[in-house]
**Student:** 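First, the structure itself, so that you have it in front of you.
Chain identifiers are assigned alphabetically (A, B, ...) following the order of the sequence lines, protein sequences preceding nucleic acid strands; residue numbering begins at 1 within each chain.
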Amino acid sequence: MNIEELSGLPPGALEHFRSEGIEELYPPQAAAVEAGATEGENLVAAVPTASGKTMIAALSMLSAIERGGTALYIVPLRALASEKKAEFEAYEEFGVDVGVTTGNYESTSEWLATKDIVVATSEKVDSLVRNGADWLSELTCVVSDEVHLIDDRNRGPTLEVTLAKLRKLNPQLQTVALSATVGNADEIADWLDAELVDTDWRPIDLQMGVHYGNALNFDDGSTREVPVEGSEKQEAALVRDIVQEGGSSLVFVNSRRNAEAAARRLGQVTSRELTDDERAELVELADEIREDSDTETSRDLADCVERGSAFHHAGLSSTQRSIVEDAFRERLLKVISATPTLAAGVNTPARRVIVRDWRRFDPSAGGMAPLDVLEVHQMMGRAGRPGLDPYGEAVLLAKSHDESQELFDRYIWADPEAVRSKLAAEPALRTHVLATIASGFARTREGLLEFLEATLYASQSTEARRLESVTDNVLDYLERNDFVERDRSGDADDAGAFTSAADLASGGRSEDLEATSLGHTVSRLYLDPMSAAEIVHGLEDADERPTALGLYQLVSRTPDMYELYLRSGEDEKFGELYYEREAELLGDAPSEFEEERFEDWLAALKTGKLLEDWVEEDDEEAITERYKIGPGDLRGKVDTAEWLLGAAESLASEIDSEWTVAVREARARVEHGVSEELLELVSVRGVGRKRARQLHGVGIEEPADLRNADKSVVLGALKGEKTAENILENVGREDPSMDGVEPAESAAAKTAGSNGEDTNGDPTAATESDESQSSLGDF
DNA sequence: ACAAGGAGTTTATAGACAGCATGTC
DNA sequence: CTATAAACTCCTTGT
């Protein structure tokens, strides 16, 4: 189908597509149009990655906009939200306004209401629904990207419930669901009352094969010699082979350590194939990486990058991840060794994809469990760069003939699994039942069950009662914790004479459900009710002002915090820390004889201690080293703690706790990574934990001091005239200019300013080493 | 005497959304 | 229970 045949798009859209070199629609896109994508029809498109799914979404959204509506594009990851936003921003050329909203992006509801297309994560959309954003009911088109993630145990139910709510909010809504090829796309289409486009078609041919011995055998029967030389590993031979042809590769492995080790080894292969220009650019990139964070992980990554190789996993900071992804897309990096993150993330196509490890440690399976077919297909789908590669190759590695055969059977000739809803699990329902009641989607138990009927779970379930019984458990829980009130008076009023069939079936439990004020708060804060209960109990239990550690351990043991594991021997270490600081912890510790719960308690203490180290101004390097984590993990923990403590502050004021201020302070300290004494300084724009410490070391303790202090003292502490001027300007000093000011020796400068406050003038306060040493002693 | 290398043993295991209100070194 | 690479330890060998 030629794009000329399209109708109903905004004027200028066709010119725009043509200018991007799009003339013909790909077959799946044409099929989507024939199914009514541009006419507001519901659609499920189950097609491989990189086969033009985004175009299907674009056609649906643009035609909806042309009809006077607005569109919402739901993605699973923040990084994808930015990627899609950048893509859709090209439509601004013909007057289509695009906005993003995720947890860490600015966004007021009014601002979003003015946009034609809004890109958001599923959780953010859920949150918007809970907070009653009106513009959501004006939506005419919603696109759900990677909808197969409904299968995900943790986050799938959110997507499922959110789609159901959006559709209930606006029955006219056009729903477009984009999915990887899965076993049961038809079931998803049934659920959404949608037309189905289900195809394996790809714009670039994909060859799948297994490497065994010295040969690469493809599914089409062809073979390629890829000899393994000397003691090198299979993946090294495969990477070398393709780099010499000017192609790049992705290697998927099953652990971070393996990713790092593989990247190091593969660096020896790629470094031989670099031009001088490339080498020079890579050195620059490596510097950027080292600059982003001074940790061992960063240094290792930088060392690899200089050789044209990189690793990629969640321990990297988001900046480092982007650096690696961008450099790979620009073909500067020849190979990335990655954990499965990369397969689900932003677009990083490679000529050859090597799936080295097809088994992964899974404690619930009691050992190594094979990856899902879907997951492996997602990785393999990254093969082939449109416009650059003639075809893509996806390779699995086998060490024996038998294994080779198994891999063909298990992954290459196998169909992906069916997507199964995970909604009927208590943790998922706990959150969503409360939200559904709080935001008025259901007012009775029956209404609730009726709403749940509109989910994929209900359409798939053969066990109708299961959802009901889990729902009842959850309602009990919510009532017990004072999030929901059940009003049974309904029975008495309406004189039980008119007992409905539904009541009979459910044992006559007709009742009104209403969220309490606390319940509403919990729902709006987007907390798991269990987290909220833990926090509330913890705060109520505190007789004295809680310490930072107490609060950090409290939020760390919440199900919303993904806790650090205890390594071998650490149970003892943290057991000791526990006895030392037991008095600070909030709530009742489980008995030591309940091994599992006690371990969790200690793991939360470990996470809490990490946060305490952070606010005691230990540096990134020390913390990542001490807890054996990457910079990305540290920032992730801090981020989550910040969010949870923010929520805890709201809860504290909701329950009239006397510790609201203590929580606020603990949150502020985490946000900036500083001790109490620096909180004031750090509120000045341009002053973070490092600069605040420097300033404090010369006796500047609060913003007012900055306005009055001797400029030479400020300059002496800050180094860099520009920064000093900036900061003085931000603090509102009349004459910020540093012209002709000589920096004072920071140790010599004692008290600055005129407020005469004692500074406890410790000349060595500028270095935090004393403190970090003493907290090291805790280990 | 000591480094290098090999054999046997131990160890650890992927990921990342959300409130609110603005800005690190 | 269904694995495996890397890191570590201890021993042997070579110079």
**Student:** For A:V687, which contact category applies under a 4.0 Å heavy-atom criterion: base, sugar-phosphate, or nothing?
**Tutor:** sugar-phosphate

**Student:** What contact category does A:L527 fall into here, base, sugar-phosphate, or nothing, at under 4.0 angstrom with non-hydrogen atoms?
**Tutor:** nothing

**Student:** So does A:R430 pair up with A:D528, basic N to acidic O under 4.0 Å?
**Tutor:**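 Here A:R430 pairs with A:D528 in a salt bridge, since their nearest N and O are under 4.0 Å apart.
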
**Student:** Sequence neighbours left out, what passes side-chain hydrogen bond (donor to acceptor under 3.5 Å, both in side chains) with A:R78? Give chain and number order.
**Tutor:**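 Testing A:R78 for side-chain hydrogen bond (donor to acceptor under 3.5 Å, both in side chains), a comparison that skips the adjacent residues, returns none.
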
**Student:** For the residue pair A:W111 and A:V100, what are the closest heavy atoms and their distance?
**Tutor:** CZ3-O, 3.7 Å

**Student:** List DNA chain B stems (3 or more consecutive Watson-Crick/G-U pairs, under 3.5 Å)?
**Tutor:**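 Looking at DNA chain B, the stems formed by three or more consecutive pairs are B:1-13 with C:3-15.
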
**Student:** Does B:dA18 have OP1 or OP2 under 4.0 Å away from a side-chain N or O of A:R78?
**Tutor:** yes

**Student:** Could you walk me through whether A:R693 and A:D619 satisfy the salt bridge (Lys or Arg N to Asp or Glu O under 4.0 Å) test, starting with their C-alpha distance in whole Å, then the side-chain angles of each, then the deciding distance to 0.1 Å, before giving a yes or no?
**Tutor:** CA-CA 12 Å; A:R693 179 47 69 196; A:D619 56 34; over 6 Å; no

**Student:** Base, sugar-phosphate, or nothing for A:A647, non-hydrogen atoms under 4.0 angstrom?
**Tutor:** nothing

**Student:** Check whether the aromatic ring of A:W643 stacks on the base of B:dA18, taking stacking as ring centres less than 5.5 Å apart and planes within 30° of each other.
**Tutor:**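 Stack criterion met.
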
**Student:** Within less than 4.0 Å of OP1 or OP2 of C:dA6, is there a side-chain N or O belonging to A:S255?
**Tutor:** no

**Student:** Would you say the side chain of A:V324 lies within less than 4.5 Å of the side chain of A:L301, judging by non-hydrogen atoms?
**Tutor:**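 The answer is yes; the side chains approach within 4.5 Å.
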
**Student:** If the cut-off is 4.0 Å, is A:R265 near the phosphate of C:dA6, judged by side-chain N/O to OP1 or OP2?
**Tutor:**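 Indeed, a polar side-chain atom of A:R265 lies that close.
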
**Student:** Is any side-chain nitrogen or oxygen of A:R685 closer than 4.0 Å to OP1 or OP2 of B:dG23?
**Tutor:**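 True: A:R685 side-chain N/O within range (under 4.0 Å) of B:dG23 OP1/OP2.
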
**Student:** So which one's nearest nucleotide on DNA chain B is more toward 5', A:N154 or A:S683?
**Tutor:** A:N154

